[in-house]
Amino acid sequence: MAVTGDDTAATGDMPTYQIRAPATALPQGVVMAASPGSLHSPQQLAEEATRKRELRLMKNREAAKECRRRKKEYVKCLESRVAVLEVQNKKLIEELETLKDICSPKTDV
DNA sequence: TACTATCGGCGTCACTCAAT
DNA sequence: ATTGAGTGACGCCGATAGTA
């Protein structure tokens, strides 16, 4: 698991699978906005607003996919850890029973 | 076969948090 | 204060399984 310990330690409410990664590159086909100074008419402003919204939605779409992918991976990781711990627990219980048998005094009833 | 319940994935919105 | 990324919550949709 690639989880930064510092992040999780600093923010208690942060899910452990969350990784605050640096900003990633834009998906292919994304064109950066024109500078605000180059806009004039209300028509142009409206188009710019629409374009910005679509860009935001597209980025959020990709972010959500990535977030879900990481979450699935995290859950899978937890499940395999549970499996390992269950085996370990079972072994310890068996060992305990063995030691009890060895140590307990015999009672003939 | 039509209907229903359940599940997984998706897109979107609203919010938080860190960086600037 | 603003901005961008990450994520929880919600609703929708298609696939699949179970049932009358």
Side-chain angles (χ1 to χ4, degrees):
Chain A
M1 270 297 273
V3 171
T4 58
D6 288 335
D7 280 356
T8 50
T11 58
D13 57 340
M14 175 106 59
T16 51
Y17 57 85
Q18 179 176 341
I19 305 165
R20 293 287 191 187
T24 54
L26 288 172
Q28 284 188 340
V30 173
V31 184
M32 293 307 293
S35 64
S38 66
L39 297 173
H40 302 293
S41 66
Q43 163 86 354
Q44 279 176 313
L45 288 172
E47 281 173 7
E48 174 66 5
T50 300
R51 202 198 58 75
K52 274 188 178 176
R53 172 180 156 78
E54 281 171 1
L55 181 60
R56 180 169 52 78
L57 289 181
M58 190 177 77
K59 280 187 173 182
N60 188 245
R61 204 150 48 224
E62 295 304 312
K65 277 183 196 167
E66 183 60 19
C67 182
R68 285 167 182 144
R69 187 194 65 75
R70 277 201 298 268
K71 189 172 184 176
K72 268 181 78 176
E73 199 176 329
Y74 170 70
V75 168
K76 231 159 93 178
C77 190
L78 280 185
E79 284 170 348
S80 59
R81 179 154 171 73
V82 165
V84 166
L85 289 174
E86 278 176 348
V87 168
Q88 197 177 331
N89 193 42
K90 198 178 165 195
K91 280 184 184 171
L92 287 171
I93 289 172
E94 284 172 5
E95 191 181 336
L96 177 63
E97 292 305 318
T98 304
L99 290 172
K100 271 188 191 169
D101 282 350
I102 292 172
C103 295
S104 65
K106 296 272 186 287
T107 57
D108 44 323
V109 182

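Proteins get letters first, then strands, A, B, ... in listed order; numbering begins at 1 in each.
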**side-chain contact (heavy atoms from CB on, under 4.5 Å) evaluation trace for A:K90 with A:E94** = CA-CA 6 Å; A:K90 198 178 165 195; A:E94 284 172 5; 3.8 Å; yes
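- OP1 or OP2 of C:dG6 has not a single side-chain nitrogen or oxygen of A:K71 nearer than 4.0 Å.
- What separates NZ of A:K59 from C1' of B:dT12 is a distance of 17 Å, to the nearest Å.
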Please list, pair by pair, any protein nitrogen or oxygen found under 3.5 Å from a nitrogen or oxygen in nucleotides 8-11 of chain B.
unit_1, atom_1, unit_2, atom_2, d
B:dG9, OP1, A:K72, NZ, 2.9
B:dG11, N7, A:R68, NH1, 3.1
B:dG11, N7, A:R68, NH2, 3.1
B:dG11, O6, A:R68, NH2, 2.3

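- Spacing between atom OH of A:Y74 and atom P of C:dG8 amounts to 10 Å, rounded to whole angstrom units.
- Going from atom CZ of A:R70 over to atom C1' of C:dG8 covers 14 Å, rounded to whole Å.
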**Request:** Go through the steps for A:Q88 and A:L85 under the test side-chain contact (heavy atoms from CB on, under 4.5 Å), then give the verdict.
**Result:** CA-CA 5 Å; A:Q88 197 177 331; A:L85 289 174; 3.7 Å; yes
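- There is a side-chain donor-acceptor pair under 3.5 Å between A:Q43 and A:E47.
- Here the shortest heavy-atom pairing between A:S80 and A:C77 reads OG-O, 2.9 Å.
- Whole-Å rounding puts the A:M58 CE to C:dG6 P distance at 14 Å.
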**Asked** Given the rule in the side-chain contact (heavy atoms from CB on, under 4.5 Å) test, do A:K65 and A:E62 qualify, once you have shown the distances and angles that lead to the verdict?
**Response** CA-CA 5 Å; A:K65 277 183 196 167; A:E62 295 304 312; 3.8 Å; yes
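- A straight line from CG of A:N60 to P of C:dG4 spans 13 Å, rounded to a whole angstrom.
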**Request:** Tell me, with the steps shown, if A:E73 and A:R69 meet side-chain contact (heavy atoms from CB on, under 4.5 Å).
**Result:** CA-CA 6 Å; A:E73 199 176 329; A:R69 187 194 65 75; 2.9 Å; yes
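- Heavy atoms of A:R69 sit nowhere under 4.0 angstrom from any nucleic acid atom.
- Computed from coordinates, the A:L55 CG to C:dT3 C1' distance equals 13 Å when rounded to whole Å.
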